[in-house]
Amino acid sequence: MPPRQSKVELYAAIRRDSRAGMSGRELQGKYNVSYRTVRAALASAWPAERKKYPPRASKLDEFKSTIDQWLRADLDAPRKQRHTVRRVSARLIDEHQIIDVSYETVREYVAKRGPEIRAAAGRGPVDVFIAQAHRPGEEAEVDFGELTVELRGEQIKMFLFAFRLSFSGKSIHRISTSGGQGAFLEGHVHAFRTLGGVPFGKVRYDNLNAAVARVIGFSRLRVETDRWTAFRSHYTDFEAFYCQPGLQGAHEKGGVEGQIGWFRRNHLVPVPCVNTVDELNAMIDEWDCADDARRIGARARTIGEHFEAEKPLLKPLPDEEFETGLWFTPRVDRYSLVTLRTNRYSVPVRLIGRQVRVLLHASMLVVYEGRSEVARHERIAGKAQTRMDLDHYLEGLMRKPGALAGATALEQARAAGRFTAVHDAWWAAARKTHGDRDGTRALIEVLLLHRHMPHDQVVAGLEVALSVGALTADAVALEARKIADAAPPPVLPVELDEPNPVSSLTTRRLTQLPSDSRPLPSVAIYDELLFQVLTEREEKNSVAIASNESFGAGRKRSPILVCARPLSID
């Protein structure tokens, strides 16, 4: 089927064939149109506008003047005693017996006519938007958006933080499993670090709970949370501008509102499938860099070009970053778990019954014993869930090997891909050969190898050991080390474009300091001195040997061995 033509294209084709000599009847048959269409096309190349029919009559028309009177009376009525749409509909039914007009029809008319009556009376202007100009480095906008991510095969709702500079449109995004204050502060830290500075003017916000503890009346005054006040003080006390609550204030930061929708449609469709939140954030950082080549609207320059002019005007960052995590001190229960925000996370079994310190971030948490890190988990997005690391339970399973088969930590390790089918096959062969208890203990010894060797090398060692029937942990370790020795060493990338700010003195001498044209010093004088000392030592040794020979002439004594001391030159 040929593509559908617009009316302008149809008229152009008819006029072209008419100039080629086709008759009107032939044109009608070719294009399947009436003679009126052919005549209109030959008369004008531009189709006439469609005739606009008057709006269809409604049973509400004869009562519209009555509704207008009620709305005009509301101009002088108390604010809380004015007509609502429901009250207008109820009065029409009670006073005028209108029962065949729908509520939606009344609502559409009141929503359209109400602002017009208020504007005509000078009580309120019609909604108008005034274009704003932004100076470089002065203002920014912040907002949160929701999205869905497929994390390890499961669809999870996450939160997208966006920080957008008003002048250039440069935007920094960050995804976290929670949308609380931790994610709010971490997004700012990441944005400031990426941009290299802080706007010297104001940053526009919603009245979100992470920053605002209470809205005072109908004014712009806000009671801020303590951590947010400390955060702003740490980053040179930048000004926070809070928009009006609800949809009325959305246009006050319309740039970031539209940016979140644009970013979600262009980069997060289809739903991304990742294994970790860090992997997704690395992808988002690449997308943010690629967006620097984009132009907003009809701008002559790209976002990156505008940002290059804006970056030097940002206020510098402090020497240290603000700690965005929250500290907790839970006690480890008998299942070797700590509870945080209704979720539970595993720690090594040696800490059962002890109190530990936990630093909770937006997408992860770190467990400390004193000053030493003992566990690290990705934060759970849901509620009342448990995350276990099989490595934390190996010492306990060594004493209770029979508990491994049904352990929840083992099931989670299988689901995460850390306990592979090769582990299961080797474990089955080891139990068949050594028995259930000894075979399971051998597997636990293999799992302990993961603490010191890469996961891939241990799995490869298991495959080789299984193929030759070596069902001991020592054999697996030996095969894994062979594979590690045979693998070429990793080549670290060397970045030559950006110089390393911390370099050795030798590198600075070779690359930065001017070359030394002086000749190298000669060591010939030291060679002559060494030769003279050696000659004197040889003469003394020869004299000592001669005296010994004369002393021992005619006597049967054991020869005296004279050994010169090692030569040392200070």
Side-chain angles (χ1 to χ4, degrees), residues 129-145 160-174 183-208 210-212 220 222 224 228-244 249-263 281 284-322 324 497-498 501:
F129 295 90
I130 308 299
Q132 300 289 303
H134 304 282
R135 291 189 299 171
E138 182 180 15
E139 295 185 5
E141 302 168 348
V142 171
D143 199 9
F144 266 109
L160 175 65
F161 172 88
F163 186 98
R164 181 182 185 272
L165 293 175
S166 301
F167 172 76
S168 63
K170 172 72 174 176
S171 299
I172 306 298
H173 301 85
R174 197 74 173 170
F184 181 68
L185 299 181
E186 285 183 18
H188 278 83
V189 172
H190 175 68
F192 293 157
R193 181 173 60 245
T194 305
L195 297 174
V198 182
F200 64 84
K202 63 182 67 173
V203 182
R204 300 175 182 269
Y205 298 95
D206 281 334
N207 299 278
L208 64 171
V212 177
R220 296 279 185 181
R222 304 290 188 271
E224 296 181 336
W228 175 236
T229 302
F231 181 87
R232 292 202 300 110
S233 176
H234 183 81
Y235 285 98
T236 65
D237 262 330
F238 62 89
E239 180 184 356
F241 178 88
Y242 299 104
C243 302
Q244 297 179 9
H251 67 278
E252 295 183 352
K253 55 180 184 62
V256 72
E257 295 274 357
Q259 170 64 29
I260 286 183
W262 183 92
F263 189 88
N281 279 322
I284 286 179
D285 291 341
E286 295 178 359
W287 294 335
D288 286 340
C289 293
D291 286 343
D292 287 346
R294 181 171 63 92
R295 285 181 172 83
I296 298 177
R299 287 186 177 183
R301 298 179 180 274
T302 63
I303 293 176
E305 292 171 344
H306 279 288
F307 177 66
E308 289 300 323
E310 189 173 25
K311 186 176 181 179
L313 302 177
L314 300 175
K315 290 194 294 186
L317 296 174
D319 296 334
E320 297 182 357
E321 290 185 352
F322 187 86
T324 59
D497 297 336
E498 299 181 0

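As the structure is a computational prediction, the values presented were derived from the model and not from experiment. The first residue in the sequence is number 1, and the count goes up from there.
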Q: Would you say the side-chain atoms of R232 pair up with the backbone N or O of E239, donor to acceptor, closer than 3.5 Å?
A: no

Q: Take D292 and T302, measure what side chain to side chain contact (heavy atoms under 4.5 Å, CB included) needs, and give me the verdict at the end.
A: CA-CA 7 Å; D292 287 346; T302 63; over 6 Å; no

Q: Who pairs with D237 by salt bridge (charged side-chain N to carboxylate O under 4.0 Å, His left out), at least two apart in sequence or on another chain?
A: none

Q: CG of L195 to OG of S168: how many Å apart, nearest 0.5 Å?
A: 8.0 Å

Q: Tell me whether K311 at atom NZ has more than 12 heavy atoms from other residues, nucleotides or ligands lying less than 6.0 Å away.
A: no

Q: Taking atom CG of L313 and atom CZ of R135, what is their separation to the nearest 0.5 Å?
A: 9.5 Å

Q: Is there a side-chain contact between H234 and L317, using heavy atoms and a 4.5 Å cut-off?
A: no

Q: Mind checking side-chain hydrogen bond (donor to acceptor under 3.5 Å, both in side chains) for Y242 and listing every partner two or more places apart, or none if nothing turns up?
A: E224, W228

Q: Taking the ring of Y205 and the ring of F184, is the distance between their centroids below 6.0 Å?
A: yes

Q: Quick one: closest heavy-atom pair of P199 and K315, and the distance?
A: O-CE, 3.7 Å

Q: So, for Y235 and E321, which heavy atoms are closest and what is the spacing to 0.1 Å?
A: OH-CA, 3.8 Å

Q: If you compare all heavy atoms of G169 against all heavy atoms of R299, which two are closest, and at what distance to 0.1 Å?
A: N-NH1, 4.4 Å

Q: Do the side chains of H190 and D285 get nearer than 4.5 Å, heavy atoms only?
A: yes

Q: Could you check if a side-chain atom of F200 sits within less than 4.5 angstrom of a side-chain atom of E138, using non-hydrogen atoms only?
A: yes

Q: Return the set of residues passing ring pair (Phe, Tyr, Trp, His ring centres under 6.0 Å) with F144 (not counting sequence neighbours), or none when no residue passes.
A: F161

Q: Charged N to carboxylate O below 4.0 Å: is that the case for K170 and E310?
A: no

Q: Are V256 and V142 packed together at the side-chain level, in the sense that at least one heavy-atom pair is separated by less than 4.5 angstrom?
A: no

Q: Measure the spacing between CD of E141 and CD of E252 and express it to the nearest 0.5 Å.
A: 10.5 Å

Q: Does atom CZ (R301) have a neighbourhood of more than 12 heavy atoms from anything else shown, all under 6.0 Å?
A: no

Q: Heavy atoms, side chains only, cut-off 4.5 Å: are F163 and T194 in contact?
A: no

Q: Are any non-hydrogen side-chain atoms of D291 and W262 less than 4.5 angstrom apart?
A: yes

Q: Quick one: CZ on F263 to CG on D288, what's the gap to the nearest 0.5 Å?
A: 5.0 Å

Q: Distance from Q259 atom CD to I172 atom CD1, nearest 0.5 Å?
A: 10.0 Å

Q: Out of curiosity, E139 CD to K253 NZ, how far, rounded to the nearest 0.5 Å?
A: 14.0 Å

Q: Considering all heavy atoms of both residues, which atom of N207 and which atom of C243 are nearest to each other, and what is their separation?
A: ND2-O, 2.9 Å

Q: Please give me the minimum heavy-atom distance between H173 and A162, naming the atom from each residue.
A: CD2-CB, 3.8 Å

